[in-house]
Amino acid sequence: MKVGILAIQGDFELHKIALDKLSVDSLYVRNEKELNNCDALILPGGESTAMSLLLNKYNLFNSVKKFAQKKNLFGTCAGAILMSSNSRDSRVKNLKIIDIQTCRNAWGAQIDSFSDNIELNENLFFTKKYYATFIRGPKFSNVKKTCNIIGSYHGNPVLVRNEKHLASSFHPEIGEDLCIYKYFIKMINE
Ligand code: GLN
């Protein structure tokens with residue numbers, strides 16, 4: 001199995017380090033050829049407006065959309081914003097891969113970044129709690145029936161999946177607990 005990490009902007013390197021720890025083969029993706037060498041793709045956190053521009057510049061927008069029809073995607077923070085159906089911001093071109101709405105920066109500005117336990121609704125590898133880090137993360141709303149809420153924080157959905165795709169408003173690449181990655185790997189193997 002080879003997991004691609006979109007590496008055009010944002011904190012893609014930490015995702016590679018996390019996958020290395022799990023001995024999962026990974027590949028930085030910057031063009032369609034690299035994308036098509038992968039079995040799944042992670043869209044990292046960063047800046048969704050900049051990533052939108054760069055997805056166009058590198059001709060990756062349609063390729064990622066097509067890839068997502070058959071393969072698994074995991075969007076974290078800015079990556080989740082891109083994957084969502086709408087983020088009510090004309091600077092973001094949504095991929096519309098997961099049927100949720102996202103509201104950018106709704107957990108606060110950079111200075112309001114925080115870490116706290118979130119509740120997991122599914123038993124993810126023996127734990128019902130996960131210590132999550134939020135950095136200018138989006139809030140998720142209008143979670144449609146095609147999606148399951150896997151994790152929430154004070155009643156707000158923060159980890160959502162549909163059949164093939166996973167979106168988190170927090171940063172799983174920060175911290176020691178790899179259970180969210182293990183869950184994504186399990187999704188790829190389903
Ligand atoms: N606020 C950023 C955006 O809207 C996302 C922040 C992040 O990925 N940590 O793109």
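Whatever order the structure lists ligands and atoms in, that order sets their numbers, starting from 1. From a predicted model like this one, the values you see are computed outputs, not experimental measurements. Any value given below was found using the heavy atoms of this structure, including those in side chains, with hydrogens, waters and symmetry copies removed. In what follows, residues are counted from 1 in the order of the sequence shown.
Taking the six-membered ring for Trp, F134 and Y153 have ring centres closer than 6.0 Å.
Using a 4.5 Å cut-off between side-chain heavy atoms of Ile, Leu, Val, Met, Phe, Trp and Tyr, with links allowed through other members, L53 and I8 fall into different hydrophobic clusters. Grouping the Ile, Leu, Val, Met, Phe, Trp and Tyr side chains by contacts below 4.5 angstrom, directly or via other members, places F74 with L22.
A salt bridge links E47 with R104: the distance from a Lys NZ or Arg NE/NH1/NH2 to an Asp or Glu carboxylate oxygen falls below 4.0 Å.
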For residues 64-72, tabulate all N or O donor-acceptor pairs below 3.5 Å that involve a side-chain atom, not counting sequence neighbours.
unit_1	atom_1	unit_2	atom_2	d
K65	NZ	L95	O	2.5
K71	NZ	C38	O	3.4
N72	ND2	K164	O	3.0

Name each N or O atom in ligand 1 that is under 3.5 Å from a protein N or O, and give the partner atom and the distance.
unit_1	atom_1	unit_2	atom_2	d
ligand 1	1 (N)	N105	OD1	2.5
ligand 1	1 (N)	R136	O	2.9
ligand 1	1 (N)	R136	NH1	3.4
ligand 1	4 (O)	S48	OG	3.2
ligand 1	4 (O)	R104	NE	2.6
ligand 1	4 (O)	R104	NH2	2.9
ligand 1	8 (O)	G46	N	2.9
ligand 1	8 (O)	G46	O	3.2
ligand 1	8 (O)	A78	N	3.1
ligand 1	9 (N)	I135	O	2.8
ligand 1	9 (N)	H171	NE2	2.8
ligand 1	10 (O)	S48	N	2.5
ligand 1	10 (O)	S48	OG	2.8

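A donor-acceptor pair under 3.5 Å is absent between the side-chain atoms of N148 and the main chain of R161, judged by distance alone.
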